[in-house]
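Dropping the structure in here first, questions after.
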Amino acid sequence: MLNIVLFGAPGAGKGTQAALLAEKRGLVHLSTGNLLRQEISSGTATGKIAQRLIDNGELVPDGMVIGLIREQLEKHANAGGFIFDGFPRTPEQAAALDLLMEEKGMSVSAMVALEVAVEELTDRLLKRGRESGRADDRSFDVIQTRINVYHRKTTPVIEYYRAQRKYHPVDGTGSVEDISERLYRYIIHL
Ligand code: ADP
């Protein structure tokens, strides 16, 4: 069973690559960003809290995203494996994921980090804001906050997986196909 954490800054291409990889390897793609946006569009209590935080570029509380992931693992009890996109984003979430996986007799196979320079991230997010209309991609200030939050709160997740010898950085620049090929070449050996 293959369980991949796809890691990277906002705009690193996690969503695009996770979808491709999920299709190629028959994995269930779990994006906490997408799950939160579904909560928002369904108007749930979780969605209401999440909306304000997402619009400001802040993380939503750990307990909230851990709860969403727990639900999904239960919903897809017969999956052949998972690809986690945008989760874990704090060391606390990483520890919670290990516990959830252990409860189900599974484990994280590897954490693959897409590496992209910060100037390119901002350009990509602003472009996505123009094309997709995601509110948190339309404001330069919100994008800056998200990149700062990533550096402050999310990069310690790298050390978490490095300590488990599961951290694997991959060049996140070039064409979508090139990046996908790089990811695939690594994952095939797991
Ligand atoms: P991106 O990685 O491009 O910022 P996402 O769709 O992954 O886009 O996330 C959008 C927003 O959703 C984040 O800025 C954050 O507010 C919230 N979010 C998503 N995943 C998490 C998570 N694991 N923990 C906390 N907040 C999250």
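Ligands are counted one by one from 1 in listed order, and the atoms in each one are counted from 1 as well. Every heavy atom of this structure was used, including side-chain atoms; hydrogens, water molecules and symmetry mates were not. Because the structure is a prediction, the values reported are computed rather than measured.
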_Side chains of D141 and S139 only: does a donor on one sit below 3.5 Å from an acceptor on the other?_
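Their side chains do not contain a donor-acceptor pair, so the 3.5 Å distance test is not met.
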
*Got I83 and L30 here, is their nearest side-chain heavy-atom distance under 4.5 Å?*
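A side-chain contact is absent here, since even the closest heavy-atom pair is not under 4.5 Å.
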
*Under the criterion side chain to side chain contact (heavy atoms under 4.5 Å, CB included), which of L97, T32, L27, L6 is the partner of F84?*
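Single pass found, and it is L97.
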
*Restricting to pairs with a member in residues 65-85, which pass salt bridge (charged side-chain N to carboxylate O under 4.0 Å, His left out), not counting sequence neighbours?*
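The answer is E74-K104.
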
*Output the set of protein residues with a heavy-atom contact under 4.0 Å to ligand 1, ordered first by chain identifier and then by residue number.*
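Within 4.0 Å of ligand 1, the protein residues are P10, G11, K14, T32, G33, L36, R37, I54, E58, L59, V60, V65, G86, F87, R89, Q93, R128, R134, D136, R146.
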
*Among pairs that include at least one residue of residues 169-190, which meet ring pair (Phe, Tyr, Trp, His ring centres under 6.0 Å), considering only residues two or more places apart or in two chains?*
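Those involving residues 169-190 are H168-Y186.
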
*With sequence neighbours excluded, what pairs up with E115 under the side chain to side chain contact (heavy atoms under 4.5 Å, CB included) test?*
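For E115 the side chain to side chain contact (heavy atoms under 4.5 Å, CB included) partners, ignoring immediate neighbours, are Y167, P169.
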
